Amino acid sequence: MVATREMRRPAVVALQTLVIAACYYGAGRLGLMRRLSVEGAVFTPIWPPTGVAVAALLLVGIRAWLGIAIGALLVVLSLSSFSSLEPSSAGIVAGNTVAPVCAYLLLRAVHFRDDLGRFRDGLALVFLAALGAMTISASVDVGLLVGTGKLALDDYWPVWLAWWVGDAMGVLIVTPVILMLYTLRPPVSLTRWKEAAMILVAAAVLVPIATRSSISMLFLIYPLLIWAALRFELPGSLVCALFASVMATVAATEGVGPFHRLSHTEVMIKLQAFNGTMALTALLLSAVITEQRNTRRSVELACQELVEVLEHLTAGNPTPRPPPAREDGRG
């Protein structure tokens with residue numbers, strides 16, 4: 001029995017590695033479908049593999065790094081043949097692997113919880129994993145472009161900013177969705193299915209209008225996002241944020257709607273500002289609402305337990321009688 005378990009463990013680890021590599025590669029190919037160009041460098045407004053990598057590390061552990069590295073290598077190979085690989089390709093793979101690992105270590109250092117049920121978890125994911133750790137991949141990858149002569153030194157910071165924001169958006173948008181799907185347990189309550197259907201219909205109508213109208217109407221998405229967060233907490237806000245981000249990215253890469261007649265740099269700034277503020281709103285607002293509701297449930301449970309304890313203590317005791325009147329000897 002022990003030998004069987006010891007043989008099964010390497011097989012499970014190998015299977016997990018292959019699954020993570022396949023998911024990373026698939027997310028990379030999906031992200032490459034929509035590209036923008038800044039100062040001659042091509043990047044993706046949202047790089048989903050970073051979100052897949054951070055989620056895999058949180059769910060599987062540090063051993064997921066090998067699957068991330070293999071997936072990053074497969075993405076690099078999909079962009080160029082094996083014979084045309086350069087030494088800088090190894091640096092890009094290393095940067096795309098080290099950044100999620102650093103994000104994982106930072107999150108575990110602050111006792112991050114995968115259910116995102118606390119406001120501090122939302123802050124940690126935003127500022128440590130997304131905005132903090134993703135500076136590593138942006139610095140390494142763009143630095144290699146400059147070092148190999150593929151990018152001028154004067155263009156370093158604009159490209160660095162676009163690269164960094166794309167990686168950060170992958171963590172802000174993709175990682176919470178994967179964690180939510182992993183922690184979701186059937187059966188899903190459908191007591192508010194009518195309201196959920198109304199939100200979906202409203203999103204299907206408002207989001208395309210807001211992202212493709214020639215009039216800048218992106219602000220229409222925020223009331224919908226707040227409604228979803230208030231009523232359905234993290235699942236509702238994340239679904240709306242993901243759909244709106246995808247639609248905005250499609251509109252930006254096509255140059256339509258509020259992104260019409262803008263330069264590539266202006267498109268990047270406007271799109272990333274919208275995606276960033278929307279992801280922050282969805283993540284932090286839903287975390288606050290979830291934390292408050294969990295606190296209220298804890299207080300209600302504590303009050304209920306206190307009532308049961310008092311009833312148990314007073315169940316066998318007779319009703320106390322008032323003390324007898326004291327005789328003071330006066331008539």
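Quick caveat, the model's predicted, so the values are computed rather than measured. Basis for what follows: all heavy atoms, side chains included, without hydrogens, waters or symmetry-related copies.
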With side chains defined as the heavy atoms from C-beta onward, is the minimum distance between [X] and [Y] less than 4.5 Å?
X: R63; Y: L66; answer: no
X: L59; Y: L179; answer: yes
X: W163; Y: L145; answer: yes
X: R297; Y: N294; answer: yes
X: L283; Y: L234; answer: yes
X: F119; Y: L284; answer: yes

Verdict with reasoning, W227 to M198, per side-chain contact (heavy atoms from CB on, under 4.5 Å): CA-CA 11 Å; W227 179 19; M198 291 175 60; 4.1 Å; yes
Test item: [X] side-chain N/O and [Y] main-chain N/O as donor-acceptor pair under 3.5 Å:
X: K270; Y: P258; answer: yes
X: T175; Y: L172; answer: no
X: T290; Y: A287; answer: no
X: R108; Y: F112; answer: yes
X: T314; Y: L310; answer: yes

Once you round to the nearest 0.5 Å, how far does [atom1] of [X] lie from [atom2] of [Y]?
X: K150; Y: D155; atom1: NZ; atom2: CG; result: 15.5 Å
X: I70; Y: I20; atom1: CD1; atom2: CD1; result: 9.5 Å
X: N275; Y: I46; atom1: CG; atom2: CD1; result: 4.5 Å
X: L225; Y: F243; atom1: CG; atom2: CZ; result: 13.0 Å
X: L306; Y: L301; atom1: CG; atom2: CG; result: 11.5 Å
X: L151; Y: Y156; atom1: CG; atom2: OH; result: 10.0 Å

Looking only at non-hydrogen atoms, find the nearest pair between [X] and [Y] and report the distance.
X: T211; Y: A244; answer: CG2-O, 4.4 Å
X: P100; Y: G95; answer: CD-O, 4.5 Å
X: P208; Y: A203; answer: CD-O, 3.5 Å
X: V267; Y: F259; answer: CG2-O, 3.9 Å
X: C102; Y: I136; answer: SG-CD1, 3.5 Å
X: A241; Y: A282; answer: CB-CB, 3.9 Å

- prompt: Other than V299, which residues form its hydrophobic cluster under the rule that side-chain heavy atoms must be closer than 4.5 Å?
  reply: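 For V299, no cluster forms, as it stays isolated from other hydrophobic side chains.
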Taking [Y] as the starting point, is it possible to reach [X] by hopping between hydrophobic residues whose side chains are less than 4.5 Å apart?
X: V52; Y: L105; result: yes
X: V177; Y: W47; result: yes
X: I173; Y: V239; result: no
X: L32; Y: V171; result: yes
X: L181; Y: L116; result: yes

Option passing side chain to side chain contact (heavy atoms under 4.5 Å, CB included) with T50 (candidates V174, N96, D167):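 Of V174, N96, D167, side chain to side chain contact (heavy atoms under 4.5 Å, CB included) with T50 is met by D167 alone.
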- prompt: Can you pull the salt bridge (charged side-chain N to carboxylate O under 4.0 Å, His left out) pairs that have at least one residue in residues 239-250, sequence neighbours excluded?
  reply: none
- request: Take V110 and L106, measure what side-chain contact (heavy atoms from CB on, under 4.5 Å) needs, and give me the verdict at the end.
  value: CA-CA 7 Å; V110 297; L106 289 173; over 6 Å; no
Under the side-chain contact (heavy atoms from CB on, under 4.5 Å) rule, collect the residues that match up with [X], sequence neighbours excluded.
X: P45; value: L36, T249, L271, Q272
X: A228; value: I199, C240
X: L131; value: V126, F127, W164, A168
X: I226; value: L230, L285

Applying salt bridge (charged side-chain N to carboxylate O under 4.0 Å, His left out), name anything that partners [X], two or more places apart in sequence or on another chain.
X: E233; result: R293
X: R113; result: D115
X: D141; result: none
X: E266; result: none

Test side-chain contact (heavy atoms from CB on, under 4.5 Å) applied to Y182 and D114, step by step: CA-CA 9 Å; Y182 183 81; D114 298 343; over 6 Å; no
query: Can we say R212 and E254 salt-bridge, meaning some charged N sits less than 4.0 Å from an Asp/Glu carboxylate O?
result: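 Judged by the 4.0 Å cut-off on N to carboxylate O distance, R212 and E254 do form a salt bridge.
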task: Could you walk me through whether L77 and L73 pass the side-chain contact (heavy atoms from CB on, under 4.5 Å) test, one step at a time?
output: CA-CA 6 Å; L77 289 175; L73 179 61; 4.2 Å; yes
- prompt: With sequence neighbours excluded, what pairs up with S139 under the side chain to side chain donor-acceptor pair (under 3.5 Å) test?
  reply: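 Partners of S139 by the side chain to side chain donor-acceptor pair (under 3.5 Å) criterion, ordered by chain and then number, come out as W160.
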Per-pair distances, 0.1 Å, donor-acceptor, side chain in residues 213-224, under 3.5 Å, sequence neighbours excluded:
residue	atom	partner	partner atom	Å
S213	OG	I215	N	3.2
Y222	OH	T277	OG1	2.7

